[in-house]
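Contents: one structure, followed by commentary.
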There are 2 protein chains.
Amino acid sequence: MATTANEDYIKTIYALESSGQRASTSRIAQRLDVTMASVTGKIKHLAAAGYVRHTPYYGVTLTPKGRKLALHTLRRHRLIELFLVKTLGLRWDEVHADAEVLEHAISDKVLERMYEYLGRPEFDPHGAPIPAEDGSIKELTGVRLSDLPSGARSRVLHVSDADGEFLRYLASIDFTIGTAFTLRDRAPYGGPLRIRIGRRELDIGPDAAERILVCPS
Amino acid sequence: MATTANEDYIKTIYALESSGQRASTSRIAQRLDVTMASVTGKIKHLAAAGYVRHTPYYGVTLTPKGRKLALHTLRRHRLIELFLVKTLGLRWDEVHADAEVLEHAISDKVLERMYEYLGRPEFDPHGAPIPAEDGSIKELTGVRLSDLPSGARSRVLHVSDADGEFLRYLASIDFTIGTAFTLRDRAPYGGPLRIRIGRRELDIGPDAAERILVCPS
DNA sequence: AACAAAAATTAGGCAAGCCAAATTTTTCTG
DNA sequence: CAGAAAAATTTGGCTTGCCTAATTTTTGTT
Ligand SMILES: [Mn+2]
Ligand SMILES: [Mn+2]
Ligand SMILES: [Mn+2]
Ligand SMILES: [Mn+2]
């Protein structure tokens, strides 16, 4: 019933909804790199199967059944990413593509073994919360690094797993999940943010800062 | 190019060939649990793609390209089975179904990490040789337990991974890969084989003995 | 050799997923 | 409020992978 394509569509709709965007045909098509015609067709199927409600010419919302499938797939994706990093030693910037495939192939039995093996983790390698078996998920209550007031002490909480290039950059400057730092100040007119990590000083561009979620402490 | 279905067909043809059987439409259909019509259709496609040569109304043989794909898929299957047993602690009787799916989903990168992580293993949990990256594979030079002469000292070498029930039985009597034993004698008229493992005595039926490959030493 | 049974193939059809092109609906803009 | 642009849908078509039913070829049996 839940094919690879179905799960990827549902995940995409969930991602749009939880970032406050309307799950429109065009946005789904863009994210999945398929045509709008394909999305319209799939939406009809997902609606008939009870995963989404469809308002023609407007968009789609997940039903409880759809939300459950989204979270189950996300749990798989994030546990797999963590497993690949922790157990097999892959880098955080190279696990997303593998997880995108394996999330549809791993049985519940193997998944729960991985979960136990990893010590019932709560976050994936990019700081995203791993949904629980019952479909509950922790909210990420962070703020954008770009919104942090000067002088604030904080920790890196989350970065999107989608852009490998950006993840490699962050790794290269050693600015990874959990890193504690102080925001010294920000240069004016879109200049870099000056950050202190222990004894180390670091400059981060404003575009990068917008993509980093931090936890003020 | 190499889809799940293609890989499973090629693996099945390889298994038939290497057990000395003709890869006929009916035998492939039986093993994959599809109709002969489906097999005929797929065979045409595999022949057109250069994986097999087809002699109509007779059967099919792997080309070097097909053999290479078969061994690559077998390598994945067997490494995955070993990984599931060794790393995640699944039992040897419950890994086959998972491996049958994951063999088509795991990237070469992850596979080679698993290979290193496991210490470059040579055999899977059922004693089957794991093909090397270059497509070479060790021959299993064992004999059937049922063919072993009375009094011979030997070790369990290999059992098929296909029958979970049988694997659970072997595990329950602690007669697993590598177990050293002596064949005391065999009861006449299809009676059991009496086996000694250290101090322990064991009876094994003749049907079971035919399915166990051992290595006389 | 003749006929029946078994094996294999062909023909036609269906579902999933995708696409391009045409059409309809909504939204934007002057 | 037009008219144009953008968004969404419909239509028709393609591939993969499977099926059933009909047909052809091979094999086995008397
Ligand atoms: Mn990811
Ligand atoms: Mn996916
Ligand atoms: Mn197996
Ligand atoms: Mn398989």
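Chain A is the first sequence line, chain B the second, and so forth, proteins listed ahead of strands; every chain is numbered from 1. Please read all numbers here as calculations on a predicted model, not as lab measurements.
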Open item on the list: Is there a side-chain contact between B:T3 and the phosphate of D:dG17, meaning an N or O under 4.0 Å from OP1 or OP2?
Closed with: yes

- [ ] Calculate the interatomic distance between A:H104 atom NE2 and C:dG17 atom P; express it in whole Å.
- [x] 11 Å

Open item on the list: Test of understanding: with salt bridge (Lys or Arg N to Asp or Glu O under 4.0 Å), list the residues that count as partners of A:E103, not counting sequence neighbours.
Closed with: A:K11

Task: B:E112/B:R75 salt bridge by N-O under 4.0 Å criterion - done: yes

TODO: Could you check if a side-chain atom of B:M114 sits within less than 4.5 angstrom of a side-chain atom of B:I106, using non-hydrogen atoms only?
DONE: yes

TODO: Nearest whole angstrom, please: distance from the P of C:dC18 to the CD1 of A:I28.
DONE: 13 Å

Task: Ring geometry between A:W92 and A:H126 (parallel below 30°, tilted from 30 to 60°, perpendicular above 60°) - done: parallel

Task: Any B:H45 side-chain nitrogen or oxygen under 4.0 Å from OP1 or OP2 of D:dG17 - done: no

Open item on the list: Could you tell me if B:K138 sits above the aromatic ring of B:F123, with its cationic atom closer than 6.0 Å to the ring centre and no more than 45 degrees from the axis?
Closed with: yes

Open item on the list: Could you tell me if A:D8 and A:H104 have a donor-acceptor pair between their side chains, going purely by distance under 3.5 Å?
Closed with: yes

TODO: Calculate the interatomic distance between A:I10 atom CD1 and C:dG17 atom P; express it in whole Å.
DONE: 12 Å

TODO: Scan nucleotides 1-13 of chain C nucleotide by nucleotide, 5' to 3', and note B when protein non-hydrogen atoms come under 4.0 Å of the base, S if they reach only the sugar-phosphate, - if neither.
DONE: -------BBB---

Task: Side-chain N or O of B:N6 closer than 4.0 Å to phosphate OP1/OP2 of D:dT16 - done: no

- [ ] Report the nucleotide, chosen from D:dG17, D:dT20, C:dG17, that has the shortest atom-to-atom distance to any side-chain atom of A:K42.
- [x] C:dG17

- [ ] Verify the contact: side-chain N or O of B:T35 to OP1 or OP2 of D:dC19, cut-off strictly under 4.0 Å; return yes or no.
- [x] yes

